[in-house]
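Start at 1 and go down the list; that is how both ligands and their atoms are numbered. Numbering of residues begins at 1 and proceeds along the displayed sequence.
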Amino acid sequence: MAFEGKDILALKTYTREELDYILDTAQKFEGIAGGRERSNLLDGKILATAFFEPSTRTRNSSEAAMLRLGGGVIGFDSPEGTSVAKGESLEDTVKTLGQYSDVIVVRHSQIGSAHRAAEATDVPVINGGDGSNEHPTQGLLDLYTIRKEKGGIDGLKVAIAGDIKHTRSAHSLAYGLSNYKVKQYFVAPQPLQLQEEMERELVKRGVEFEKLSSITEVIDKVDVLYVTRLQEERFPNQKEAEKFRGSYTIYPRLLEKAKKEMIIMHHLPRLWEIPLEVDETPHARYFQQEFNGLVVRCALLCLVLGAIN
Ligand code: NCD
């Protein structure tokens, strides 16, 4: 399957064959990601990171993946120290980085920014999150985590809870899952529910899903509970966001009714939505997700750079 030279922009466009191929490939990188095996697969290659928005996991795991594979890293973690502060456009910034690197990871607050970046340069662009649209590498690491923890994806019931409207990783995950036989539950306060355009797309794909307002309605049914952060920075103002603070906290007592094998995932960072006590339960998998992100990003870099196929 040919990923060499390709951009990774949105899971909306991926087929099941492509997803399975990426997940199968990723599995081979567990040892390298964990530092138990040395690799020079990307010796001499350079990754550029262009982060116009804050990041802890996406940027560091992309950089760590490149370093684990013997490559190098350039770029910026905020636009302040770059010519963006002088008014340089996203396109010109990316075009410039493309002359110094072999692959670029871009994160930006605007929907469609990754697509614009990809148009501006010949090197592969990996979308590290474009506004409230998509976060495809997060979606892939989430699929990878589900498969690793559950032994497969078909036949599962997955609840995606919280700020579904604004959370890009929720969109990428739902699109990814739409390729499998999965029942999806979207659990959110009404104003933060799945938006019409995406709902129409899921219907078109024949996805089995329900929209609910309370976790209690499904906690005893689901195999995976995927919790999201209230994306306060994407609200028109703080007052609007405040209304939803604390509105979907996963209290430990809620988990008493959950299946023993149910896993809780979160793209992180988590705030009030998952209390610390939940970390100690056998359900918590969000920190494993972080490591899986490194594994998956190793595979993606090798695929788009043609180091493996
Ligand atoms: C998130 C992001 O920026 O989309 N984090 C991540 O990449 N794991 C989610 C968030 O900020 O809530």
Under the ring pair (Phe, Tyr, Trp, His ring centres under 6.0 Å) rule, collect the residues that match up with H108, sequence neighbours excluded. F52

For atom 7 (O) of ligand 1, the closest protein heavy atom turns out to be H135 NE2, 2.7 Å

Same apolar cluster: L301 and I8, side chain cutoff 4.5 Å: yes

Enumerated ligand 1 atoms positioned under 4.0 Å from heavy atoms of T58: 6 (C), 7 (O)

If you count the atoms of ligand 1 from 1 in the order shown, which ones are under 4.0 Å from a heavy atom of Q231? 10 (C), 12 (O)

How about T145 and R285: does a side-chain donor come under 3.5 Å of a side-chain acceptor? no

Examine distances only and state if a side-chain atom of R229 and a backbone atom of L268 form a donor-acceptor pair shorter than 3.5 Å. no

Is the closest heavy-atom distance from R107 to ligand 1 below 4.0 Å? yes

Report yes or no: does E149 contribute a side-chain atom to a donor-acceptor pair with the main-chain N or O of R147 at less than 3.5 Å? no

Heavy atom under 4.0 Å from ligand 1: found in L268's side chain, backbone, both, or neither? backbone

Per-atom contacts of ligand 1 with Q138, taking only distances under 4.0 Å to non-hydrogen atoms: 6 (C), 7 (O), 8 (N)

Mind jotting down which residue pairs meet the ring-ring contact (aromatic ring centres under 6.0 Å, His included) criterion with at least one end in residues 132-166? Sequence neighbours excluded, please. H166-F235

Closest non-hydrogen protein atom to atom 3 (O) of ligand 1, residue and atom name please, with distance? R168 NH2, 2.8 Å

So, the side chain of E134 versus the backbone of L9: is there a donor-acceptor pair under 3.5 Å, distance only? no

min-distance protein heavy atom vs atom 11 (O) of ligand 1 -> R229 NH2, 3.0 Å

Would you please classify the geometry between the F186 ring and the F209 ring as parallel, tilted or perpendicular, with 30° and 60° separating the classes? perpendicular

E233 N/O under 3.5 Å from ligand 1 N/O: no

Can you report which non-hydrogen protein atom sits closest to atom 9 (C) of ligand 1, along with the distance? H267 ND1, 3.1 Å

So is P269 close enough to ligand 1, meaning a heavy atom under 4.0 angstrom away? yes

